[in-house]
Number of protein chains: 2
Amino acid sequence: MGVKSLLMTKRKSESLSPEELRTHGERLFLSHLSVDCVIFGFHEGQLKVLLLKWKDGPWCLPGGFIKHHESVDYSATRILKERTGLDEIYLKQFHAFGDPQRERGKRYKQGWIANRFVTIGYYALVEYSKVFPQPDLLSSECKWWDVAAVPDLIYDHKQIMTTALETLRLSLNDHPVGYNLLPLKFTMPELQRLYETILGQTLDRRNFQKRMLALNILVKLNERKTGGAHKAPFLYRFDKKKYDRAMKQGLVGGW
Amino acid sequence: MGVKSLLMTKRKSESLSPEELRTHGERLFLSHLSVDCVIFGFHEGQLKVLLLKWKDGPWCLPGGFIKHHESVDYSATRILKERTGLDEIYLKQFHAFGDPQRERGKRYKQGWIANRFVTIGYYALVEYSKVFPQPDLLSSECKWWDVAAVPDLIYDHKQIMTTALETLRLSLNDHPVGYNLLPLKFTMPELQRLYETILGQTLDRRNFQKRMLALNILVKLNERKTGGAHKAPFLYRFDKKKYDRAMKQGLVGGW
DNA sequence: ATACTATTGTGTATCTCCTACACAATGAAC
DNA sequence: GTTCATTGTGTAGGAGATACACAATAGTAT
């Protein structure tokens with residue numbers, strides 16, 4: 001978690017000035033706890049992650065603090081809404097990071113913000129095109145980065161991102177992430193590219209299609225995606241009902 | 001987390017009296033954060049969980065707080081050691097519980113302990129016979145319960161236990177839990193019973209054995225377990241080298 | 001001792017799922 | 001209209017999962 005969140009929080013009705021937050025964050029927030037979000041998107045065949053840049057400072061994950069009467073899950077939802085403008089996005093807690101050295105190099109040497117923080121990591125899957133990244137009051141940047149080309153991040157944020165990615169990778173078996181990451185209509189090659197970037201490996205085209213269709217949660221539309229060079233691929237969409245039913249029962253199941 | 005941990009902590013070199021902890025826990029611990037452990041064991045064909053009982057109070061999970069300069073993982077290890085006397089046990093963080101209502105019914109109305117706590121859940125897999133449950137100074141009990149017959153627990157501890165069990169269930173696919181839960185030598189029926197209790201379903205005997213042996217981390221011994229009525233089953237043990245190698249690479253892998 | 005009973009040890013046929021693999025059609029670019 | 005990269009599609013073989021039955025045996029009851 002970085003300074004960033006202070007500013008975002010300032011916009012809310014209950015508010016502290018950045019300075020107050022730095023020194024007396026405990027008035028509004030739980031001490032020693034923060035939330036960091038790894039926000040994944042997918043665009044032009046690349047898996048993306050949304051990062052913030054401090055003014056004259058390093059890049060970091062969007063994060064924030066937990067209000068006294070707010071659930072941790074809700075904090076994550078709120079932070080996400082502040083960054084992306086989106087409600088109802090897929091959000092999953094994946095790990096708490098509690099090494100006392102994790103904030104090595106912290107600049108603040110005194111005040112509330114200088115305390116040790118244990119951060120709870122969430123990852124979000126959002127539809128790229130619906131997101132309007134919101135840089136905050138200090139005019140720091142907020143933008144998408146290719147997962148494969150993320151710059152140095154503050155503290156242990158690279159580690160947090162990596163863990164999120166691993167968790168996402170493992171979740172592929174029981175969660176059809178395309179539903180959250182792709183637009184309503186998409187082509188099979190797009191879906192495949194998504195899986196390939198998450199997994200970091202190429203997959204066989206025919207087998208992939210067979211496997212996806214076998215999940216029985218996709219509908220093939222009578223429409224093709226034109227515009228790209230070459231043969232126009234069919235469009236698909238998720239069948240919400242079947243999708244929900246499948247999610248309830250678990251997709252596969254080793255045992 | 002309950003009063004229990006206060007007492008345990010008292011034994012350590014840095015110490016607060018129970019009363020001090022109740023009112024000024026922040027001298028030693030991070031505020032708003034606790035750790036709770038779901039300690040699983042296996043005995044007589046039943047999956048067990050280690051619970052504590054407050055004096056004249058409800059049952060709860062063993063838990064504790066995080067010292068100012070201690071990692072969260074280490075806190076969990078320490079708490080576990082205090083309860084079970086064991087080092088080097090398999091311990092895994094599985095979820096943080098952050099609902100502001102989770103401690104509904106809390107008795108303490110003032111002092112540090114009355115604050116809101118977000119708890120980080122860990123589950124442990126221990127060898128039943130090696131554990132000597134340690135009830136603490138207030139002579140509350142500390143004992144094993146059948147997972148299927150756990151009594152009412154304080155706060156959201158039942159929920160925490162259930163989530164731990166679900167996580168354990170899912171982990172069966174990539175972690176051969178028998179290594180941590182069973183004694184050095186064990187029979188195939190014992191191993192199977194372990195899987196069956198965790199999964200809550202029966203499994204085919206021949207297929208189970210085939211599958212376990214196919215993992216290639218078991219050694220069949222030239223010994224049988226006598227004493228039980230009926231035909232004496234062979235004993236097996238884990239091959240540590242092969243086990244470690246398999247763990248490093250991941251056992252199966254959906255993709 | 002003998003019979004009894006519950007439990008263990010073991011293999012095969014079938015099915016399902018995963019994998020490997022190639023050629024014709026097409027839409028855009030030139 | 002030719003070219004080129006990409007899409008659409010099916011099958012054969014292999015690996016792994018599942019279903020299933022009978023002989024051997026260690027105690028127990030008599």
Side-chain angles (χ1 to χ4, degrees), chain A residues 44-46 169-170 172-174 176 178 182 185-197 199 201-237 246 249-255, chain B residues 44-46 169-170 172-174 176 178 182 185-197 199 201-237 246 249-255:
Chain A
E44 291 180 346
Q46 298 291 339
R169 210 167 269 153
L170 290 174
L172 278 191
N173 286 316
D174 23 71
L182 294 176
K185 298 174 180 180
F186 54 90
T187 67
M188 197 56 75
E190 282 165 354
L191 184 60
Q192 181 173 346
R193 218 96 58 199
L194 172 60
Y195 276 72
E196 288 177 336
T197 20
L199 292 169
Q201 76 185 241
T202 62
L203 301 169
D204 180 89
R205 214 154 46 88
R206 275 170 291 189
N207 294 336
F208 178 81
Q209 175 159 9
K210 236 181 305 175
R211 185 158 169 175
M212 286 299 130
L213 293 179
L215 294 177
N216 203 29
I217 54 178
L218 292 181
V219 183
K220 181 176 183 172
L221 303 177
N222 242 337
E223 245 179 296
R224 306 175 99 114
K225 168 153 190 166
T226 65
H230 319 305
K231 184 167 181 177
F234 280 103
L235 287 166
Y236 291 80
R237 64 172 177 77
Q249 303 171 355
L251 265 193
V252 281
W255 289 89
Chain B
E44 292 180 344
Q46 297 291 339
R169 210 166 268 153
L170 291 174
L172 277 191
N173 287 317
D174 21 71
L182 293 177
K185 298 174 181 182
F186 54 91
T187 68
M188 197 55 76
E190 281 165 356
L191 185 60
Q192 180 173 346
R193 217 96 58 199
L194 171 60
Y195 275 71
E196 288 177 336
T197 20
L199 291 169
Q201 75 185 242
T202 61
L203 301 169
D204 180 89
R205 214 154 46 88
R206 276 169 293 190
N207 294 335
F208 178 81
Q209 174 159 7
K210 236 183 305 177
R211 185 160 168 175
M212 285 299 130
L213 293 179
L215 294 177
N216 203 30
I217 54 178
L218 291 181
V219 182
K220 181 175 184 172
L221 303 176
N222 240 337
E223 245 179 297
R224 306 175 98 113
K225 168 152 189 168
T226 65
H230 318 305
K231 184 169 183 177
F234 280 103
L235 287 165
Y236 291 80
R237 64 171 175 78
Q249 303 170 356
L251 264 193
V252 280
W255 290 92

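Just so it is clear: chains get the letters A, B, ... in the order the sequence lines come, proteins before strands, and each one is counted from 1.
Using a 4.5 Å heavy-atom cutoff, the side chains of A:Tyr195 and A:Leu203 are in contact.
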Would you check, one step at a time, whether the test side-chain contact (heavy atoms from CB on, under 4.5 Å) holds for B:Gln192 with B:Arg205?
CA-CA 8 Å; B:Gln192 180 173 346; B:Arg205 214 154 46 88; 3.6 Å; yes
Between B:Lys225 and B:Glu190, does a side-chain contact (heavy atoms from CB on, under 4.5 Å) hold up when you go through it step by step?
CA-CA 11 Å; B:Lys225 168 152 189 168; B:Glu190 281 165 356; 2.8 Å; yes
If you apply the rule side-chain hydrogen bond (donor to acceptor under 3.5 Å, both in side chains), what do you find for A:Tyr236 with A:Gln209, and how did you get there?
CA-CA 11 Å; A:Tyr236 291 80; A:Gln209 175 159 9; 3.2 Å; yes
Tell me, with the steps shown, if B:Leu191 and B:Leu218 meet side-chain contact (heavy atoms from CB on, under 4.5 Å).
CA-CA 11 Å; B:Leu191 185 60; B:Leu218 291 181; 4.1 Å; yes
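B:Asn173 places its CG atom 16 Å from the P atom of D:dG16, with the value rounded to the nearest Å. Atom C1' of nucleotide D:dC22 and atom NZ of B:Lys231 are separated by 11 Å, given to the nearest angstrom. Here the C1' atom of nucleotide C:dT8 and the CZ atom of B:Arg193 are 11 Å apart, to the nearest Å. One can place CZ of B:Phe234 at 10 Å from P of D:dT25, the figure rounded to the nearest angstrom. Counting to the nearest Å, the P atom of C:dG9 and the CE atom of B:Met212 are 15 Å from each other. The interatomic distance linking A:Asp204 (CG) with D:dT7 (C1') rounds to 14 Å, in whole Å. The nearest whole Å value for the distance from the CG atom in A:Leu213 to the C1' atom in C:dC18 is 16 Å. The interatomic distance linking B:Leu191 (CG) with C:dG9 (P) rounds to 12 Å, in whole Å.
Nearest to the side-chain atoms of B:Gln209 among the listed nucleotides C:dT10, D:dT25, D:dA5 stands C:dT10.
The residue among B:Pro189 and B:Lys210 whose nearest nucleotide of DNA chain C lies closer to the 5′ end is B:Pro189. Nearest-nucleotide mapping onto DNA chain D: of A:Asn207 and A:His230, the residue sitting toward the 5' end is A:His230.
Judged by distance alone, the side chain of A:Arg237 and the main-chain N or O of A:Lys185 form no donor-acceptor pair under 3.5 Å. With hydrogens and angles disregarded, no donor-acceptor distance shorter than 3.5 Å links the side chain of A:Glu223 to the backbone of A:Phe234.
Applying a 4.0 Å cut-off to non-hydrogen atoms, the residues of residues 217-229 of chain A that approach DNA chain C are A:Gly227, A:Gly228, A:Ala229, listed by residue number.
The base of C:dG9 is paired with the side chain of B:Arg205 by a donor and an acceptor separated by under 3.5 Å. Below the 3.5 angstrom threshold, one finds a donor paired with an acceptor across the side chain of B:Arg206 and the base of D:dA21.
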